[in-house]
Amino acid sequence: MGFRKDFLWGGATAANQYEGAWNEGGKGPSIFDAALAGSASKAREYHSEIKKGYYYPNHTATDFYHHYKEDIALMAEMGFKVFRMSIAWSRIFPHGDEETPNEEGLKFYDNVFDECKKYGIEPLVTILHYETPLYLANHYNGWYSRKLIDFYYHFCEVIFERYQNKVKYWLTFNEINCIAIGNPYMAGACRPVEGVSMNQLTYQAAHHQFVASAKAVKLAHEKYPQFQMGMMLGGLFFIPDSCRPEDMLKFQELNYQQFYFCDLQCRGYYNNHAKALLKQKGVGLKMEEGDEEVLKEGTVDFISFSYYMTINASEEDNPELKLAGSGIASKKNPYLIATDWGMEINPKGLRYFLNELYDRYQLPLFVVENGLGAVDTLTEDGKVHDDYRIDYLRRHIQVMKDAVDLDGIDLMGYTSWGCIDLISAGTGEMKKRYGYVYVDRDDLGNGTLKRYRKDSFYWYKKVIATNGEDLD
Ligand code: BG6
(Lines give C-alpha, C1' and ligand atoms only; values in the text may rest on other atoms or scores of the structure.)
Protein backbone atom coordinates (compact mmCIF):
# COMPACT_ATOMS: atom_id res chain seq x y z
CA MET A 1 0.00 0.00 0.00
CA GLY A 2 2.34 2.78 1.20
CA PHE A 3 1.86 6.52 1.00
CA ARG A 4 -0.78 7.87 -1.36
CA LYS A 5 0.35 8.63 -4.89
CA ASP A 6 -0.11 12.36 -4.41
CA PHE A 7 1.65 12.39 -1.03
CA LEU A 8 3.02 15.86 -0.38
CA TRP A 9 6.73 15.48 0.38
CA GLY A 10 8.64 18.60 1.18
CA GLY A 11 10.13 20.88 3.78
CA ALA A 12 8.99 23.66 6.08
CA THR A 13 10.20 27.15 6.93
CA ALA A 14 8.89 30.40 8.39
CA ALA A 15 9.52 33.88 7.03
CA ASN A 16 10.96 35.34 10.22
CA GLN A 17 13.50 32.52 10.65
CA TYR A 18 14.48 32.21 7.01
CA GLU A 19 13.75 35.25 4.89
CA GLY A 20 15.88 37.99 6.42
CA ALA A 21 15.70 41.38 4.63
CA TRP A 22 13.88 42.53 7.73
CA ASN A 23 13.67 46.17 6.60
CA GLU A 24 13.90 45.84 2.82
CA GLY A 25 11.12 46.22 0.30
CA GLY A 26 9.00 48.31 2.65
CA LYS A 27 8.81 45.64 5.37
CA GLY A 28 8.13 46.64 8.97
CA PRO A 29 9.61 44.77 11.96
CA SER A 30 7.91 41.75 13.45
CA ILE A 31 8.29 40.75 17.09
CA PHE A 32 11.12 38.41 16.12
CA ASP A 33 13.09 41.22 14.52
CA ALA A 34 13.54 42.59 18.02
CA ALA A 35 14.54 39.28 19.62
CA LEU A 36 18.05 38.46 20.79
CA ALA A 37 19.51 34.99 20.63
CA GLY A 38 19.42 32.71 23.68
CA SER A 39 20.73 29.19 24.10
CA ALA A 40 19.65 25.78 25.37
CA SER A 41 19.69 27.15 28.89
CA LYS A 42 18.88 30.81 28.27
CA ALA A 43 15.54 32.07 26.95
CA ARG A 44 15.48 34.62 24.14
CA GLU A 45 15.01 38.22 25.18
CA TYR A 46 12.43 40.26 23.30
CA HIS A 47 12.88 43.99 22.96
CA SER A 48 10.04 46.36 22.19
CA GLU A 49 12.16 48.19 19.63
CA ILE A 50 15.26 47.57 17.55
CA LYS A 51 18.14 48.97 19.60
CA LYS A 52 21.58 49.99 18.43
CA GLY A 53 24.53 47.79 19.41
CA TYR A 54 22.69 44.45 19.46
CA TYR A 55 22.84 41.51 17.11
CA TYR A 56 19.36 40.39 16.06
CA PRO A 57 19.72 37.03 14.28
CA ASN A 58 16.38 37.16 12.45
CA HIS A 59 17.32 40.35 10.59
CA THR A 60 19.27 38.46 7.98
CA ALA A 61 18.37 34.89 8.98
CA THR A 62 19.57 32.76 6.07
CA ASP A 63 18.45 35.29 3.52
CA PHE A 64 15.82 33.45 1.52
CA TYR A 65 14.76 36.90 0.31
CA HIS A 66 17.83 37.14 -1.89
CA HIS A 67 18.34 33.39 -2.42
CA TYR A 68 14.82 32.21 -3.21
CA LYS A 69 15.60 31.12 -6.75
CA GLU A 70 18.62 29.10 -5.68
CA ASP A 71 16.80 27.61 -2.69
CA ILE A 72 13.68 26.61 -4.60
CA ALA A 73 15.92 25.02 -7.25
CA LEU A 74 17.55 22.97 -4.46
CA MET A 75 14.12 21.94 -3.21
CA ALA A 76 13.17 20.94 -6.73
CA GLU A 77 16.37 18.93 -7.05
CA MET A 78 15.30 16.94 -3.98
CA GLY A 79 11.95 16.38 -5.67
CA PHE A 80 9.79 18.49 -3.34
CA LYS A 81 6.09 18.41 -4.07
CA VAL A 82 5.33 21.03 -1.45
CA PHE A 83 7.11 23.91 0.24
CA ARG A 84 5.80 25.15 3.56
CA MET A 85 6.54 28.82 4.16
CA SER A 86 4.85 31.77 5.77
CA ILE A 87 3.97 35.21 4.51
CA ALA A 88 5.52 37.84 6.77
CA TRP A 89 2.52 39.93 7.81
CA SER A 90 4.72 43.01 8.28
CA ARG A 91 6.03 42.68 4.73
CA ILE A 92 2.49 43.19 3.48
CA PHE A 93 1.30 45.54 6.24
CA PRO A 94 4.36 47.06 7.97
CA HIS A 95 2.37 47.99 11.08
CA GLY A 96 -0.34 45.40 10.66
CA ASP A 97 -3.31 47.76 10.96
CA GLU A 98 -3.08 49.62 7.64
CA GLU A 99 -5.78 49.59 5.02
CA THR A 100 -3.50 49.51 1.96
CA PRO A 101 -0.98 46.72 1.46
CA ASN A 102 2.66 47.16 0.49
CA GLU A 103 2.85 46.24 -3.18
CA GLU A 104 6.53 45.42 -3.05
CA GLY A 105 5.89 42.84 -0.36
CA LEU A 106 3.05 41.27 -2.34
CA LYS A 107 5.26 41.14 -5.40
CA PHE A 108 7.99 39.27 -3.54
CA TYR A 109 5.61 36.41 -2.76
CA ASP A 110 4.31 36.45 -6.34
CA ASN A 111 7.88 35.80 -7.40
CA VAL A 112 8.31 33.01 -4.85
CA PHE A 113 5.07 31.28 -5.87
CA ASP A 114 5.89 31.63 -9.56
CA GLU A 115 9.27 30.07 -8.93
CA CYS A 116 7.59 27.16 -7.12
CA LYS A 117 5.18 26.71 -9.99
CA LYS A 118 8.06 26.44 -12.42
CA TYR A 119 9.03 23.19 -10.70
CA GLY A 120 5.53 21.95 -9.89
CA ILE A 121 5.97 22.64 -6.17
CA GLU A 122 2.77 23.48 -4.25
CA PRO A 123 3.20 26.21 -1.65
CA LEU A 124 1.72 25.49 1.77
CA VAL A 125 1.35 28.88 3.40
CA THR A 126 1.21 29.55 7.13
CA ILE A 127 -0.63 32.82 7.43
CA LEU A 128 0.87 33.66 10.81
CA HIS A 129 3.99 31.90 12.02
CA TYR A 130 5.01 33.66 15.26
CA GLU A 131 5.63 36.93 13.41
CA THR A 132 2.99 39.41 14.48
CA PRO A 133 4.08 42.93 13.48
CA LEU A 134 5.98 44.57 16.34
CA TYR A 135 3.72 47.60 16.09
CA LEU A 136 0.70 45.48 17.00
CA ALA A 137 2.55 44.13 20.03
CA ASN A 138 3.48 47.61 21.20
CA HIS A 139 0.25 49.45 20.43
CA TYR A 140 -2.44 46.82 21.02
CA ASN A 141 -0.72 44.24 23.23
CA GLY A 142 -0.95 41.75 20.41
CA TRP A 143 -3.66 39.14 20.35
CA TYR A 144 -4.99 40.12 23.76
CA SER A 145 -6.71 42.87 21.81
CA ARG A 146 -9.80 41.87 19.92
CA LYS A 147 -8.91 44.41 17.25
CA LEU A 148 -6.35 41.97 15.87
CA ILE A 149 -9.16 39.81 14.54
CA ASP A 150 -10.04 42.52 12.02
CA PHE A 151 -6.44 43.29 11.10
CA TYR A 152 -5.71 39.61 10.51
CA TYR A 153 -8.92 39.21 8.53
CA HIS A 154 -7.98 42.08 6.28
CA PHE A 155 -4.52 40.55 5.80
CA CYS A 156 -6.26 37.31 4.75
CA GLU A 157 -8.62 39.11 2.38
CA VAL A 158 -5.66 40.65 0.62
CA ILE A 159 -3.47 37.57 0.34
CA PHE A 160 -6.34 35.23 -0.57
CA GLU A 161 -7.44 37.49 -3.38
CA ARG A 162 -3.93 38.07 -4.65
CA TYR A 163 -2.70 34.47 -4.51
CA GLN A 164 -5.94 32.62 -5.21
CA ASN A 165 -4.49 31.02 -8.33
CA LYS A 166 -1.09 30.29 -6.84
CA VAL A 167 -1.72 28.86 -3.39
CA LYS A 168 -4.14 26.09 -2.51
CA TYR A 169 -2.99 24.93 0.97
CA TRP A 170 -3.16 27.30 3.95
CA LEU A 171 -2.59 27.07 7.69
CA THR A 172 -4.22 29.81 9.72
CA PHE A 173 -1.88 29.94 12.78
CA ASN A 174 1.34 28.15 13.52
CA GLU A 175 1.25 26.03 16.71
CA ILE A 176 -1.84 27.76 17.98
CA ASN A 177 -1.67 26.01 21.38
CA CYS A 178 1.63 27.72 22.19
CA ILE A 179 -0.12 30.99 22.88
CA ALA A 180 -1.45 29.57 26.12
CA ILE A 181 1.08 26.84 26.70
CA GLY A 182 4.70 27.71 26.35
CA ASN A 183 5.13 31.15 24.88
CA PRO A 184 2.41 33.81 24.81
CA TYR A 185 4.68 36.49 23.42
CA MET A 186 6.09 34.44 20.58
CA ALA A 187 2.70 33.04 19.57
CA GLY A 188 0.46 35.92 20.58
CA ALA A 189 2.62 39.03 20.85
CA CYS A 190 1.00 39.78 24.19
CA ARG A 191 2.76 40.89 27.34
CA PRO A 192 1.54 40.51 30.93
CA VAL A 193 -1.09 43.00 32.07
CA GLU A 194 -1.26 44.14 35.66
CA GLY A 195 -4.27 42.74 37.45
CA VAL A 196 -4.95 40.12 34.77
CA SER A 197 -3.81 36.54 35.35
CA MET A 198 -1.65 34.97 32.63
CA ASN A 199 -4.32 32.32 32.09
CA GLN A 200 -7.02 34.93 31.62
CA LEU A 201 -4.81 36.83 29.21
CA THR A 202 -3.62 33.94 27.08
CA TYR A 203 -6.90 32.05 26.80
CA GLN A 204 -8.63 35.29 25.87
CA ALA A 205 -5.95 35.93 23.24
CA ALA A 206 -6.38 32.35 22.01
CA HIS A 207 -10.12 32.99 21.67
CA HIS A 208 -9.34 35.93 19.42
CA GLN A 209 -7.14 33.68 17.30
CA PHE A 210 -9.91 31.06 17.08
CA VAL A 211 -12.37 33.65 15.85
CA ALA A 212 -9.83 35.11 13.42
CA SER A 213 -9.02 31.65 12.08
CA ALA A 214 -12.68 30.72 11.72
CA LYS A 215 -13.44 33.95 9.87
CA ALA A 216 -10.56 33.30 7.49
CA VAL A 217 -11.67 29.71 6.88
CA LYS A 218 -15.24 30.82 6.28
CA LEU A 219 -14.09 33.44 3.80
CA ALA A 220 -11.98 30.85 2.00
CA HIS A 221 -14.77 28.31 1.82
CA GLU A 222 -17.26 30.86 0.52
CA LYS A 223 -15.10 32.68 -1.97
CA TYR A 224 -12.25 30.33 -2.87
CA PRO A 225 -13.60 26.77 -2.87
CA GLN A 226 -10.32 25.47 -4.30
CA PHE A 227 -8.52 26.29 -1.02
CA GLN A 228 -7.79 23.70 1.64
CA MET A 229 -7.62 25.26 5.05
CA GLY A 230 -5.74 23.64 7.89
CA MET A 231 -5.06 24.17 11.57
CA MET A 232 -1.61 23.67 13.05
CA LEU A 233 -1.03 22.16 16.47
CA GLY A 234 2.30 22.48 18.25
CA GLY A 235 3.61 19.07 19.16
CA LEU A 236 3.38 19.17 22.94
CA PHE A 237 2.50 15.51 23.22
CA PHE A 238 2.50 13.82 26.61
CA ILE A 239 3.04 10.23 27.60
CA PRO A 240 2.58 8.91 31.14
CA ASP A 241 5.68 8.93 33.28
CA SER A 242 4.62 5.68 34.93
CA CYS A 243 1.68 3.31 35.24
CA ARG A 244 0.59 5.06 38.43
CA PRO A 245 -3.08 5.98 38.07
CA GLU A 246 -2.21 9.58 39.01
CA ASP A 247 0.22 9.78 36.10
CA MET A 248 -2.39 8.38 33.73
CA LEU A 249 -4.77 11.14 34.70
CA LYS A 250 -2.06 13.78 34.41
CA PHE A 251 -1.15 12.47 30.96
CA GLN A 252 -4.76 12.71 29.88
CA GLU A 253 -5.19 16.17 31.39
CA LEU A 254 -2.10 17.60 29.69
CA ASN A 255 -3.00 16.14 26.29
CA TYR A 256 -6.54 17.46 26.62
CA GLN A 257 -5.05 20.90 27.15
CA GLN A 258 -3.63 20.58 23.63
CA PHE A 259 -6.75 18.98 22.14
CA TYR A 260 -8.66 22.02 23.42
CA PHE A 261 -7.20 23.84 20.41
CA CYS A 262 -8.15 21.11 17.94
CA ASP A 263 -11.64 20.90 19.41
CA LEU A 264 -12.16 24.58 18.80
CA GLN A 265 -10.79 24.58 15.27
CA CYS A 266 -12.14 21.22 14.09
CA ARG A 267 -15.42 20.94 15.97
CA GLY A 268 -16.02 24.64 16.38
CA TYR A 269 -17.30 25.01 19.92
CA TYR A 270 -16.26 25.05 23.58
CA ASN A 271 -17.13 21.52 24.68
CA ASN A 272 -17.33 20.08 28.20
CA HIS A 273 -13.55 19.67 28.43
CA ALA A 274 -12.93 23.20 27.26
CA LYS A 275 -15.40 24.64 29.73
CA ALA A 276 -13.90 22.58 32.56
CA LEU A 277 -10.41 23.70 31.64
CA LEU A 278 -11.36 27.37 31.62
CA LYS A 279 -13.06 26.98 34.97
CA GLN A 280 -10.09 25.18 36.47
CA LYS A 281 -7.79 27.95 35.24
CA GLY A 282 -10.05 30.68 36.53
CA VAL A 283 -10.68 32.11 33.07
CA GLY A 284 -13.81 34.08 32.25
CA LEU A 285 -13.88 34.39 28.47
CA LYS A 286 -15.28 37.54 26.92
CA MET A 287 -17.23 36.49 23.85
CA GLU A 288 -19.10 38.74 21.49
CA GLU A 289 -22.33 38.16 19.65
CA GLY A 290 -21.65 36.08 16.58
CA ASP A 291 -18.50 34.40 17.92
CA GLU A 292 -20.21 31.07 18.52
CA GLU A 293 -21.68 31.02 15.03
CA VAL A 294 -18.45 31.89 13.30
CA LEU A 295 -16.51 29.24 15.24
CA LYS A 296 -19.03 26.67 14.04
CA GLU A 297 -18.97 27.89 10.46
CA GLY A 298 -15.19 28.18 10.19
CA THR A 299 -13.95 24.69 11.00
CA VAL A 300 -10.87 23.50 9.15
CA ASP A 301 -10.43 20.92 6.39
CA PHE A 302 -7.35 19.19 7.74
CA ILE A 303 -5.11 19.04 10.80
CA SER A 304 -1.42 19.70 10.63
CA PHE A 305 1.01 19.48 13.50
CA SER A 306 4.65 19.51 14.50
CA TYR A 307 6.23 16.47 16.05
CA TYR A 308 9.72 16.50 17.53
CA MET A 309 9.44 14.74 20.86
CA THR A 310 7.23 13.51 23.65
CA ILE A 311 7.08 14.87 27.17
CA ASN A 312 6.63 12.79 30.30
CA ALA A 313 3.57 13.62 32.33
CA SER A 314 3.81 13.03 36.02
CA GLU A 315 1.65 14.01 38.95
CA GLU A 316 4.69 15.44 40.70
CA ASP A 317 5.64 17.82 37.92
CA ASN A 318 4.53 21.38 37.95
CA PRO A 319 1.61 21.38 35.54
CA GLU A 320 2.39 24.95 34.53
CA LEU A 321 4.73 23.94 31.74
CA LYS A 322 8.09 25.60 31.53
CA LEU A 323 9.99 25.99 28.30
CA ALA A 324 13.54 24.65 28.50
CA GLY A 325 15.71 25.38 25.46
CA SER A 326 13.14 24.47 22.86
CA GLY A 327 11.73 21.58 24.84
CA ILE A 328 9.54 21.50 27.90
CA ALA A 329 10.95 20.78 31.34
CA SER A 330 9.67 17.42 32.50
CA LYS A 331 10.86 14.22 34.09
CA LYS A 332 13.45 12.44 31.97
CA ASN A 333 12.30 9.39 30.09
CA PRO A 334 14.78 6.54 30.71
CA TYR A 335 13.81 4.84 27.43
CA LEU A 336 14.48 7.80 25.17
CA ILE A 337 17.52 9.74 24.07
CA ALA A 338 17.30 13.52 24.03
CA THR A 339 18.78 15.92 21.49
CA ASP A 340 21.44 18.38 22.61
CA TRP A 341 18.58 20.81 23.18
CA GLY A 342 16.64 18.46 25.43
CA MET A 343 13.97 17.13 23.07
CA GLU A 344 13.33 13.45 23.79
CA ILE A 345 13.21 11.54 20.52
CA ASN A 346 10.26 9.17 20.29
CA PRO A 347 9.32 7.97 16.78
CA LYS A 348 6.81 5.41 18.09
CA GLY A 349 4.98 8.21 19.84
CA LEU A 350 4.24 9.69 16.42
CA ARG A 351 2.19 6.62 15.54
CA TYR A 352 0.28 6.94 18.79
CA PHE A 353 -0.59 10.59 18.19
CA LEU A 354 -1.42 10.15 14.50
CA ASN A 355 -3.97 7.60 15.65
CA GLU A 356 -5.21 9.75 18.48
CA LEU A 357 -5.77 12.78 16.27
CA TYR A 358 -7.36 10.81 13.46
CA ASP A 359 -9.70 8.96 15.78
CA ARG A 360 -10.79 12.16 17.45
CA TYR A 361 -11.44 14.29 14.38
CA GLN A 362 -11.56 12.04 11.30
CA LEU A 363 -9.83 14.71 9.25
CA PRO A 364 -6.81 14.24 6.98
CA LEU A 365 -3.54 14.76 8.82
CA PHE A 366 -0.38 16.50 7.70
CA VAL A 367 2.95 16.34 9.56
CA VAL A 368 4.24 19.82 8.80
CA GLU A 369 7.24 19.85 11.13
CA ASN A 370 9.62 17.16 12.32
CA GLY A 371 13.38 16.95 12.38
CA LEU A 372 16.57 16.93 14.34
CA GLY A 373 18.17 20.15 15.51
CA ALA A 374 21.89 19.35 15.69
CA VAL A 375 25.32 20.88 15.31
CA ASP A 376 26.73 20.07 11.86
CA THR A 377 30.31 20.21 10.70
CA LEU A 378 31.18 21.41 7.24
CA THR A 379 34.21 19.50 5.99
CA GLU A 380 37.03 21.13 4.06
CA ASP A 381 35.63 19.74 0.83
CA GLY A 382 32.19 21.23 1.47
CA LYS A 383 30.33 18.16 2.78
CA VAL A 384 28.19 17.55 5.85
CA HIS A 385 28.00 13.93 7.00
CA ASP A 386 24.75 14.05 8.96
CA ASP A 387 23.94 10.37 9.36
CA TYR A 388 22.40 11.20 12.80
CA ARG A 389 19.79 13.32 11.01
CA ILE A 390 19.09 10.64 8.43
CA ASP A 391 18.58 8.15 11.24
CA TYR A 392 16.12 10.45 13.02
CA LEU A 393 14.11 11.15 9.87
CA ARG A 394 14.13 7.55 8.71
CA ARG A 395 12.67 6.34 11.99
CA HIS A 396 9.88 8.88 11.89
CA ILE A 397 9.01 8.29 8.24
CA GLN A 398 8.92 4.54 8.88
CA VAL A 399 6.41 5.13 11.65
CA MET A 400 4.23 7.32 9.42
CA LYS A 401 4.25 4.49 6.94
CA ASP A 402 3.12 2.06 9.61
CA ALA A 403 0.34 4.43 10.60
CA VAL A 404 -0.82 4.56 6.98
CA ASP A 405 -0.38 0.86 6.20
CA LEU A 406 -1.34 -0.78 9.45
CA ASP A 407 -3.74 1.72 10.99
CA GLY A 408 -5.34 3.24 7.88
CA ILE A 409 -4.50 6.83 8.81
CA ASP A 410 -5.28 9.40 6.13
CA LEU A 411 -1.96 11.23 5.86
CA MET A 412 -1.62 14.00 3.27
CA GLY A 413 2.02 14.82 3.49
CA TYR A 414 5.22 15.47 5.34
CA THR A 415 7.29 18.63 5.48
CA SER A 416 10.32 18.26 7.71
CA TRP A 417 11.40 21.39 9.51
CA GLY A 418 14.02 23.86 8.32
CA CYS A 419 14.77 22.08 5.03
CA ILE A 420 17.39 24.73 4.34
CA ASP A 421 19.19 25.76 7.55
CA LEU A 422 17.56 28.67 9.33
CA ILE A 423 17.44 30.44 12.71
CA SER A 424 16.03 28.51 15.65
CA ALA A 425 12.75 29.93 16.94
CA GLY A 426 13.28 28.78 20.50
CA THR A 427 16.83 29.98 20.97
CA GLY A 428 17.69 32.21 17.99
CA GLU A 429 20.80 30.14 17.40
CA MET A 430 22.19 29.27 14.01
CA LYS A 431 24.16 26.29 15.19
CA LYS A 432 20.99 24.34 15.86
CA ARG A 433 20.44 23.12 12.33
CA TYR A 434 17.66 21.03 10.83
CA GLY A 435 18.28 21.28 7.10
CA TYR A 436 19.20 19.13 4.14
CA VAL A 437 21.15 22.13 2.96
CA TYR A 438 23.85 23.72 5.08
CA VAL A 439 24.04 27.50 5.06
CA ASP A 440 27.34 29.15 5.91
CA ARG A 441 26.33 31.41 8.76
CA ASP A 442 27.20 31.32 12.44
CA ASP A 443 25.69 32.50 15.71
CA LEU A 444 27.36 35.89 15.46
CA GLY A 445 26.23 36.57 11.92
CA ASN A 446 29.49 35.65 10.19
CA GLY A 447 29.55 33.59 7.00
CA THR A 448 29.04 33.80 3.28
CA LEU A 449 25.46 32.40 3.25
CA LYS A 450 26.66 29.92 0.66
CA ARG A 451 24.57 26.72 0.41
CA TYR A 452 26.00 23.16 0.63
CA ARG A 453 24.14 19.88 0.14
CA LYS A 454 24.38 17.62 3.20
CA ASP A 455 24.34 13.81 2.99
CA SER A 456 20.71 13.94 4.08
CA PHE A 457 19.95 15.92 0.90
CA TYR A 458 20.72 12.90 -1.29
CA TRP A 459 19.00 10.54 1.09
CA TYR A 460 15.75 12.58 1.15
CA LYS A 461 15.84 12.87 -2.62
CA LYS A 462 15.77 9.09 -2.85
CA VAL A 463 12.99 8.83 -0.26
CA ILE A 464 10.83 11.19 -2.29
CA ALA A 465 11.67 9.52 -5.60
CA THR A 466 10.47 6.17 -4.22
CA ASN A 467 7.46 7.70 -2.43
CA GLY A 468 8.90 6.57 0.90
CA GLU A 469 9.60 2.98 -0.15
CA ASP A 470 13.38 3.23 0.06
CA LEU A 471 14.41 4.59 3.43
CA ASP A 472 17.90 3.07 3.55
C1 BG6 B 1 8.30 24.76 16.05
C2 BG6 B 1 8.13 26.07 15.36
O3 BG6 B 1 7.93 24.92 17.36
O4 BG6 B 1 9.56 24.22 16.21
C5 BG6 B 1 9.31 26.48 14.50
O6 BG6 B 1 6.96 26.12 14.61
C7 BG6 B 1 10.59 26.11 15.20
O8 BG6 B 1 9.19 27.85 14.23
C9 BG6 B 1 10.63 24.60 15.38
O10 BG6 B 1 11.72 26.56 14.57
C11 BG6 B 1 11.89 24.07 16.00
O12 BG6 B 1 12.17 24.70 17.20
P13 BG6 B 1 13.53 25.45 17.40
O14 BG6 B 1 13.40 26.15 18.68
O15 BG6 B 1 14.56 24.39 17.42
O16 BG6 B 1 13.71 26.36 16.26
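In each ligand, atom 1 is the first atom listed, and ligand 1 is the first ligand listed. Here the structure is a predicted model, which is why all the values come from computation and not from measurement.
Open room surrounds NZ on Lys69; 12 or fewer heavy atoms of other groups in view lie less than 6.0 Å from it.
A cation-pi arrangement, defined by a distance under 6.0 Å to the six-membered ring centre and an angle within 45 degrees of its axis, is present between Lys450 and Tyr452. Relative to the six-membered ring of Tyr18, Arg84 misses at least one condition, a distance below 6.0 Å or an angle of at most 45° to the axis. Geometrically, Arg453 does not engage Tyr458 in a cation-pi contact defined by less than 6.0 Å to the ring centre and at most 45° from the axis.
For ligand 1 and Lys432, the ligand atoms under 4.0 Å from any heavy atom of the residue are 13 (P), 14 (O), 15 (O). Short contacts between ligand 1 and Glu369, defined as distances under 4.0 Å to a heavy atom of the residue, involve ligand atoms 1 (C), 2 (C), 4 (O), 5 (C), 6 (O), 9 (C). Per-residue contacts place Tyr434 under 4.0 angstrom from the following atoms of ligand 1 (heavy atoms of the residue considered): 11 (C), 12 (O), 13 (P), 15 (O). Which parts of ligand 1 touch Tyr308 is read off a 4.0 Å heavy-atom cut-off, strictly below it: atoms 4 (O), 9 (C), 11 (C). Close approach to Gly426 involves these atoms of ligand 1, each under 4.0 Å from a residue heavy atom: 13 (P), 14 (O), 16 (O). For ligand 1, the atoms closer than 4.0 angstrom to any heavy atom of Ser424 are 13 (P), 14 (O), 15 (O), 16 (O). Close approach of ligand 1 to Ala425 is summarised as follows: ligand atoms under 4.0 Å from at least one heavy atom of the residue are 7 (C), 8 (O), 10 (O), 13 (P), 14 (O), 16 (O).
Put simply, the side chain of Arg191 never gets that close to the backbone of Pro184: no donor and acceptor are under 3.5 Å apart.
Between Thr427 and ligand 1, not a single N/O pair is under 3.5 Å apart. Any N or O atom pair closer than 3.5 Å counts here, and Ser306 shares no such pair with ligand 1.
Of the heavy atoms in Asn174, only side-chain atoms (C-beta onward) come closer than 4.0 Å to ligand 1.
Between the side chains of His396 and Tyr414, no donor-acceptor pair is found at a separation under 3.5 Å.
A heavy-atom distance below 4.5 Å is found between the side chains of Asp97 and Tyr140.
Between Leu171 and Met231, the closest heavy-atom pair is CD2-O, 4.1 Å.
For the ligand labelled ligand 1, residue His129 lies inside the 4.0 Å heavy-atom shell.
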